[in-house]
Number of protein chains: 2
Amino acid sequence: MNAADTRQRILMTAMELFWEKGYLSTSVSDILSRSQIHSGSLYHFFPGKQDVLVGVLELYRDGIGEMLLAPNWDGVDDPIDRVFALLAGYRTHLIVTDCTYGCPIGSLALEIHEPDPVVRDLMAANFTNWSTAIAGCFDAAADRLPPGTDRKALGEFVLTVMEGAVMQARTYRDIGYFDRNIAVLRDYITILLATAKDGSFA
Amino acid sequence: MNAADTRQRILMTAMELFWEKGYLSTSVSDILSRSQIHSGSLYHFFPGKQDVLVGVLELYRDGIGEMLLAPNWDGVDDPIDRVFALLAGYRTHLIVTDCTYGCPIGSLALEIHEPDPVVRDLMAANFTNWSTAIAGCFDAAADRLPPGTDRKALGEFVLTVMEGAVMQARTYRDIGYFDRNIAVLRDYITILLATAKDGSFA
DNA sequence: AGATGAGTTGATTGAACATTCAACCAACCA
DNA sequence: TGGTTGGTTGAATGTTCAATCAACTCATCT
């Protein structure tokens, strides 16, 4: 196994564990035993546990297109449909995990109370990538939305709703909380599209 | 100092610390040193650290009216205004703490990945109390909302938006993220009130 | 062949952790 | 007065933690 493999193996394992147990509850030993890598090797590539977290956050940041958007948007062309297709992807995660799923970035953001600036910036960058992607959908549908709609704010709002909906579904262990939240969001977006069409606010 | 005082002092201190540092990052020693109470006394009242958490969650649950709603709703009579008055309270917390504030329940919900059922039920009960209070506002304004509006879902939605908005403002250390999210929510509620008034969906 | 150095090994370190416990205290009552 | 109860003290326990490091492997280069 070469160097790149070892580094990758550590990061992939850490990504899994941080998602399953959270950052604080994952010990370096956990990463070592699951990845079958010895402590010296880990510390050869990473100065410390936090640097592993940084590596994981960089993977998420750089992989959002391939790992998150592409799978959910495959075959979905309408930009508004894409918004809800992405949310449907989160719903699937919740179902598959018996409503145990948590957004990895959101969990980290609330778990780490005094984040190192490097870590915080990476969490923020992940949020920005996500809401910017959604805002891009609204941009592509700009002519169907009321004029003057703040599409960036709308992207951030969808992120907010996703995070809040996942948080509640997970806490109650009940997908209904996710579905009802998304239904309200859908109602809002539907109204926006309708008011733009009939020109009532033009 | 009598028994009730000691117990109370432990819970108040733990409440502070769990909010400042989170549950996992707060050690029993932290609670002991700040509360000036010795380990034996703490373990006389609480079987373990998790039971302190349970006590804190019970305080939140039982104190939502007095500690959270009453202060924010004092002098605010209109039910819709009350919804946004509560959200404004969270905004104040964010401002006062330089956007470091996090909803204590939301943070715990995402921090603890495998919660004991007792803990999880208490977190859920706290969410329910919150969103039920908001749903109560919508109930009081039911005649100004479109008929058939799911007001319970709307209460959960407001909770979702608060949690997501706080999460983003905190991660970016920028109140703008909170304000934009609330502005979008306000837009939605405003539209609901307007469509009910002009009867366009009646 | 010999030197170089990136990468690996795993026992070890010292700090921090939650929890325990035997001894103690003070108020109240028999 | 002596016992009982409810609460307190703080040193001690055993565990887990992140991190270290001297010794090693082995491919590559001179």
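Here is the naming used below: chain letters follow the sequence lines, and residue numbers restart at 1 for every chain. None of the values given here were measured: they were computed from a predicted structure.
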Trainee: For the pair made of CD in B/Q8 and P in D/dG7, what is the distance, rounded to whole Å?
Mentor: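 Checked: the CD to P distance equals 15 Å.
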Trainee: Who passes salt bridge (Lys or Arg N to Asp or Glu O under 4.0 Å) against B/R7, sequence neighbours left out?
Mentor: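 With neighbours one apart ignored, the set is empty.
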Trainee: If I take atom CZ in residue A/R9 and atom C1' in nucleotide C/dT8, what distance separates them, rounded to the nearest angstrom?
Mentor: 13 Å
Trainee: Within a reach of under 6.0 Å around CD of B/E114, are more than 12 heavy atoms found that belong to other residues, nucleotides or ligands?
Mentor: no
Trainee: Under the ring pair (Phe, Tyr, Trp, His ring centres under 6.0 Å) rule, collect the residues that match up with B/Y172, sequence neighbours excluded.
Mentor: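 With sequence neighbours excluded, B/Y172 shows a ring pair (Phe, Tyr, Trp, His ring centres under 6.0 Å) to B/Y177, given in chain and number order.
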Trainee: For the side chain of B/F45, starting at C-beta, report the closest nucleotide among D/dT9, D/dG7, C/dG10.
Mentor: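 Taking heavy atoms from C-beta onward, the closest nucleotide is D/dG7.
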Trainee: Within the structure, does a side-chain N or O atom of A/H38 lie under 4.0 Å from either OP1 or OP2 of C/dG10?
Mentor: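 Yes, within the criterion.
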Trainee: Atom CD of B/Q36 and atom P of D/dT8: how far apart are they, to the nearest Å?
Mentor: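 In whole Å, D/dT8 P lies 14 Å from B/Q36 CD.
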Trainee: Taking atom P of D/dT16 as reference, at what distance in whole Å does atom NZ of A/K21 sit?
Mentor: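 To the nearest whole Å, that distance equals 12 Å.
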Trainee: Just to verify, what does B/R144 make a salt bridge (Lys or Arg N to Asp or Glu O under 4.0 Å) with, not counting sequence neighbours?
Mentor: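 With sequence neighbours excluded, B/R144 shows a salt bridge (Lys or Arg N to Asp or Glu O under 4.0 Å) to B/D78, given in chain and number order.
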Trainee: Determine: side-chain N/O of A/H44 to OP1/OP2 of C/dG7, distance under 4.0 Å, yes or no.
Mentor: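 Yes.
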Trainee: Could you check how far CD1 of A/I31 sits from P of D/dA19, rounded to whole Å?
Mentor: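 Nearest whole value for this atom pair: 10 Å.
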Trainee: For residues 15-28 of chain B, pull every pair meeting side-chain hydrogen bond (donor to acceptor under 3.5 Å, both in side chains), keeping only residues two or more places apart or in separate chains.
Mentor: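 Matches after skipping sequence neighbours: B/E16-B/R34, B/E20-B/R34, B/K21-B/D30, B/S27-B/D30.
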Trainee: Set out, line by line, the N/O atom pairs under 3.5 Å between protein and nucleotides 11-15 of chain D.
Mentor:
from	atom 1	to	atom 2	distance (Å)
D/dA11	N6	B/S39	OG	3.1

Trainee: Under the ring-ring contact (aromatic ring centres under 6.0 Å, His included) rule, what pairs show up with a residue in residues 33-55 of chain A, not counting sequence neighbours?
Mentor: none
Trainee: When the distance from CG of A/L32 to P of D/dT16 is rounded to whole Å, what number comes out?
Mentor: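 Value for this atom pair: 15 Å.
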Trainee: Could you list the residues that satisfy salt bridge (Lys or Arg N to Asp or Glu O under 4.0 Å) with A/R61, not counting sequence neighbours?
Mentor: none
Trainee: What pairs with A/R82 under salt bridge (Lys or Arg N to Asp or Glu O under 4.0 Å), at least two apart in sequence or on another chain?
Mentor: none
Trainee: Set out, line by line, the N/O atom pairs under 3.5 Å between protein and nucleotides 15-18 of chain C.
Mentor:
from	atom 1	to	atom 2	distance (Å)
C/dA18	OP1	B/V28	N	3.3
C/dA18	OP1	B/K49	NZ	3.4
C/dA18	OP2	B/V28	N	2.7

Trainee: Can a salt bridge be assigned to the pair B/D150 and A/R180 using a cut-off of 4.0 Å between side-chain N and carboxylate O?
Mentor: no
Trainee: Side-chain N or O of B/T6 less than 4.0 angstrom from OP1 or OP2 on D/dG7?
Mentor: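 No, because none of the side-chain N or O atoms of B/T6 sits under 4.0 Å from OP1 or OP2 of D/dG7.
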